[in-house]
Novice: 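One structure follows; several queries about it will come next.
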Amino acid sequence: MEGILRAVRKIIRNATSLLGVILVSFFIVVAICAPFLAPPPYGDPYQIPRSGWSVTPQPPSPQNPFGTTEGQYDIYYGVVWGTRTAFRVGLIVIGFALTIGMIIGTLAAYFGGWIDELLMRITDIFLAFPFLVGVIVLVTILGPGLNHVMLAMIIFYWMTFARLIRGSILQVKENQYVMAAVALGAPGYRIISTHLIPNSIYPIIIQVSMDMATVPLLAAALSFLGLGAPVGYADWGQLVAFSRNWIISSNGGNPFQFWYTIFFPGITIVLYALGWNLLGDTLRDILDPKMLI
């Protein structure tokens with residue numbers, strides 16, 4: 001209880017930490033309340049509704065608070081439901097990558113020897129591939145689609161978690177309470193689950209928070225390139241892709257006539273990434289024993 005109160009005091013005293021918590025909480029609320037904030041007009045809630053077929057975007061109006069993109073897709077609806085897409089991509093990719101990385105990293109660190117050598121060399125082989133290039137190549141082979149993007153990202157994302165958990169466990173293994181458990185004949189699974197992972201998980205928690213900002217943005221970038229979500233899907237990368245022809249208007253007297261096409265999805269992406277990065281810094285300050293004052 002005292003630790004929780006100390007963490008709350010740290011957050012309240014630090015303006016940037018408080019901002020990160022507020023931003024992340026805001027996006028969580030938006031994702032949960034998406035059906036109420038932007039009720040789906042028909043079957044698939046992730047399909048952005050259209051108010052016409054005109055190529056020219058339309059400015060904000062009572063019917064479309066953030067305006068429409070080319071093809072008359074509702075920007076407000078795309079931003080709201082795109083929040084759910086961002087969380088879904090982040091949780092699925094990080095969840096599977098974290099599971100794979102923790103299994104490989106834990107086994108390598110605990111058993112050592114040839115098992116450690118084999119698992120780390122496999123990890124090095126995957127690390128040899130540039131992440132973005134590897135994902136693009138695999139998605140190109142599998143075909144465009146958000147599910148294929150998530151699968152490709154999982155395949156090329158687990159290595160960071162594996163190395164991080166391995167390094168943490170190698171440090172924890174040297175503590176006396178772990179050596180005492182080994183000397184008393186405690187089974188390996190009990191030592192791993194009771195002593196090693198609980199005391200090695202803190203760097204992973206911080207990394208997960210940072211990756212919750214990175215992973216959805218990478219998926220959005222692939223959607224922008226046409227490799228991710230299908231056209232009309234509620235995804236921030238899709239909205240930015242719709243705006244690329246309208247960032248600067250051909251109307252010389254008003255070059256920013258279609259500012260809303262890039263502003264609303266752009267500011268949403270910036271605030272989402274900022275919130276998770278600030279939250280990661282907050283968790284680092286809270287979980288780092290050297291900074292507990």
Novice: Please examine the side chains of W276 and M210, heavy atoms only from C-beta on, and report whether any two atoms are closer than 4.5 Å.
Specialist: no
Novice: Going by atom types only, do S17 and T282 share a side-chain donor-acceptor pair under 3.5 Å?
Specialist: yes
Novice: Who passes ring pair (Phe, Tyr, Trp, His ring centres under 6.0 Å) against F26, sequence neighbours left out?
Specialist: none
Novice: Any chance you could measure I122, atom CD1, to I104, atom CD1, to the nearest 0.5 Å?
Specialist: 7.0 Å
Novice: So, taking the atom named CD1 in I191 and the one named CD1 in I169, what distance separates them when rounded to the nearest 0.5 Å?
Specialist: 12.0 Å
Novice: Would you say that F126 contacts I155 through its side chain, given a criterion of any heavy-atom pair below 4.5 Å between the two side chains?
Specialist: yes
Novice: Between S200 and I204, which heavy-atom pair has the shortest distance, and what is it?
Specialist: O-CG1, 4.3 Å
Novice: Could you tell me which residues satisfy ring pair (Phe, Tyr, Trp, His ring centres under 6.0 Å) with F87, sequence neighbours excluded, listed by chain and number?
Specialist: Y272
Novice: Check whether L274 and I267 end up in the same hydrophobic cluster, where Ile, Leu, Val, Met, Phe, Trp and Tyr are linked by side-chain heavy atoms less than 4.5 Å apart.
Specialist: yes
Novice: Give a yes or no on whether the backbone of G266 and the side-chain of W236 come within a donor-acceptor separation of less than 3.5 Å.
Specialist: no
Novice: Under the 3.5 angstrom rule, does the side chain of T83 hit a backbone N or O of F27 as a donor-acceptor pair?
Specialist: no
Novice: Just wondering, do I75 and N64 contact through their side chains at under 4.5 Å, heavy atoms?
Specialist: no
Novice: Please examine the side chains of L127 and D124, heavy atoms only from C-beta on, and report whether any two atoms are closer than 4.5 Å.
Specialist: yes
Novice: Do S209 side-chain atoms and I206 backbone N/O form a donor-acceptor pair below 3.5 Å?
Specialist: no
Novice: Any side-chain donor-acceptor pair under 3.5 Å between S223 and D235?
Specialist: yes
Novice: Keeping K173 on the side-chain end and A109 on the backbone end, is there a donor-acceptor pair under 3.5 Å?
Specialist: yes
Novice: Sort and list the pairs that fulfil ring pair (Phe, Tyr, Trp, His ring centres under 6.0 Å) and have at least one residue in residues 47-69, not counting sequence neighbours.
Specialist: F66-Y76, F66-F264
Novice: Got a sec, which residues hit ring pair (Phe, Tyr, Trp, His ring centres under 6.0 Å) with H195, two or more places apart in sequence or on another chain?
Specialist: Y177
Novice: Return the set of residues passing ring pair (Phe, Tyr, Trp, His ring centres under 6.0 Å) with Y157 (not counting sequence neighbours), or none when no residue passes.
Specialist: F131
Novice: State which residues pass side-chain hydrogen bond (donor to acceptor under 3.5 Å, both in side chains) with E117; sequence neighbours excluded, sorted by chain then number.
Specialist: R121
Novice: Do M212 and L279 have side-chain heavy atoms sitting under 4.5 Å apart?
Specialist: no
Novice: Is a donor on one side and an acceptor on the other found under 3.5 Å between the side chain of Q58 and the backbone of T69?
Specialist: no
Novice: For S243 and W246, indicate whether the former's side chain and the latter's backbone hold a donor-acceptor pair under 3.5 Å.
Specialist: no
Novice: Please check this pair: side chain of W81 against backbone of A38, looking for a donor-acceptor N/O pair closer than 3.5 Å.
Specialist: yes
Novice: Any side-chain heavy atom of P40 sitting closer than 4.5 Å to one from Y77?
Specialist: yes
Novice: Look at the side chain of R50 and the backbone N and O of G71, then say whether any donor-acceptor pair between them is shorter than 3.5 Å.
Specialist: yes
Novice: Aromatic rings F258 and Y260: how do their planes relate, parallel, tilted or perpendicular, breaks at 30° and 60°?
Specialist: perpendicular
Novice: Side chain of Y46, backbone of G78: donor and acceptor closer than 3.5 Å?
Specialist: no
Novice: Does a side-chain heavy-atom distance below 4.5 Å link P65 with P60?
Specialist: no
Novice: Atom CD in E70, atom OG1 in T56: separation rounded to 0.5 Å?
Specialist: 9.0 Å
